[in-house]
Amino acid sequence: MTTSSDETGSQAKDSRRLVIVTGMAGAGRRTAAHALEDLGWYVVDNLPPVMLPQLYEHCCAKGIGNIGVILDVRGRKLFEELPWVFNELEEAGQMPEVLFVEASEETIVKRQESVRRPHPLQDDGRLLDGVRQEKQMLSTLRAAADLVIDTTSMNVHQLKSRVSHAYGGDEGDQLRLTVMSFGFKNGLPIDADMVVDVRFLPNPHWVPELRAHTGLTRPVREYVLTQPSAGPFLQQLQSLMVTVAEGYLQEGKRFATLAIGCTGGKHRSTAMAEEIGRRLRELGMPTRVLHRDVGLE
């Protein structure tokens, strides 16, 4: 059976993904873009937004696959064209996805100072002024982002791994879930879509022989998971995530982060995160587990 060139182009166009990589200067935009390149994506840096539709059509015509475009606020007036550009792309049958990377103000300032480069919006003011102005300019885009990654406590390898999980492979019709353990004493994860609290479980911290271990070790894991309320909670959470995943996909959301918290992020949350991650993978849901606060205690 043969397929006409028009049909081939149409099929390729339908399956092609266009991801806008944006976020705070110093948060890791280029690291995220490099991770896309490692996955075989065609990546363009700092393209004027108005040229996005032409780039997309050109890539379709040339048979180029998935496309990543780094956008930042250096072209301040150009950046304001994004809503119009997104509407044009949607009318052409391609709604771009937005990957937004961010970090705390303190982290951004330290990173910018370490490379001794001025912030793109700093002008003659303080570095922190530029960071806050950029944060304000990007607030609407962040709210509309498909995936937000907070890189405050990440290194480049962890960020690349997170991007690879989100955009690698061929599970385009499935929700890609990140399950993150954390400690409430270190603050809520700002990039979480859902937060659950497992502090209702007995704390292994008060068991002397378990205190030095984490929920990644067998003794702590068995202590946590054999608690009478652990099993019913995990079963209900599993059912909830299946329902949520179906709803997210119907609404066009491809990524989600489930944060599971305990007091310090060392014992209960890590054990429960690993277990729910295992259960969801067994159901066929692409799930990655990470532990934000292990090692911080």
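Residue numbers count from 1 along this sequence. For clarity, every value in this text was computed on a predicted model and none was experimentally measured.
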| task | Look at D293 together with K185 and state whether they make a salt bridge at an N to O cut-off of under 4.0 Å. | result | no
| said: The test is side chain to side chain contact (heavy atoms under 4.5 Å, CB included); show your working for M194 and T257 and say whether it passes. | reply: CA-CA 7 Å; M194 297 159 282; T257 297; over 6 Å; no
| Intermediate values then yes/no, side chain to side chain contact (heavy atoms under 4.5 Å, CB included), M272 and L234 | CA-CA 8 Å; M272 295 291 275; L234 285 164; 3.7 Å; yes
| request: Give the C-alpha distance, both sets of side-chain angles, the deciding distance and a yes or no for ring pair (Phe, Tyr, Trp, His ring centres under 6.0 Å) between F233 and F200. | output: CA-CA 10 Å; F233 176 83; F200 65 89; 5.1 Å; yes
| request: For the residue pair T107 and S104, confirm or rule out a side-chain donor-acceptor distance under 3.5 Å. | output: yes
| task | Compute whether any side-chain donor of one residue and acceptor of the other, for R279 and T287, lie under 3.5 angstrom apart. | result | no
| task | May I ask you to decide if the ring planes of W41 and Y167 are parallel, tilted or perpendicular, using 30° and 60° as cut-offs? | result | perpendicular
| Without hydrogens or angle criteria, can the side chains of H291 and S181 be said to hold a donor-acceptor pair below 3.5 Å? | yes
| Between T263 and R268, is any side-chain donor less than 3.5 angstrom from a side-chain acceptor? | yes
| said: Regarding R29 and D45, does a basic nitrogen lie under 4.0 Å from an acidic carboxylate oxygen? | reply: no
| request: Establish, for the pair R199 and F184, whether the NZ or CZ atom is under 6.0 angstrom from the six-membered ring centre and no further than 45 degrees off its axis. | output: yes
| request: Decide yes or no on side chain to side chain contact (heavy atoms under 4.5 Å, CB included) for I190 and E102, but give the supporting numbers first. | output: CA-CA 10 Å; I190 61 175; E102 64 183 4; 3.2 Å; yes
| said: Between T214 and R221, do the side chains contain a donor N or O and an acceptor N or O under 3.5 Å apart? | reply: no
| message | Determine whether a donor-acceptor pair (N or O, by modelled atom type, separation under 3.5 Å) exists between the side chain of T226 and the backbone of E222. | response | yes
| task | Carefully, step by step, assess I70 and N46 under the rule side chain to side chain contact (heavy atoms under 4.5 Å, CB included). | result | CA-CA 5 Å; I70 306 174; N46 203 32; 5.8 Å; no
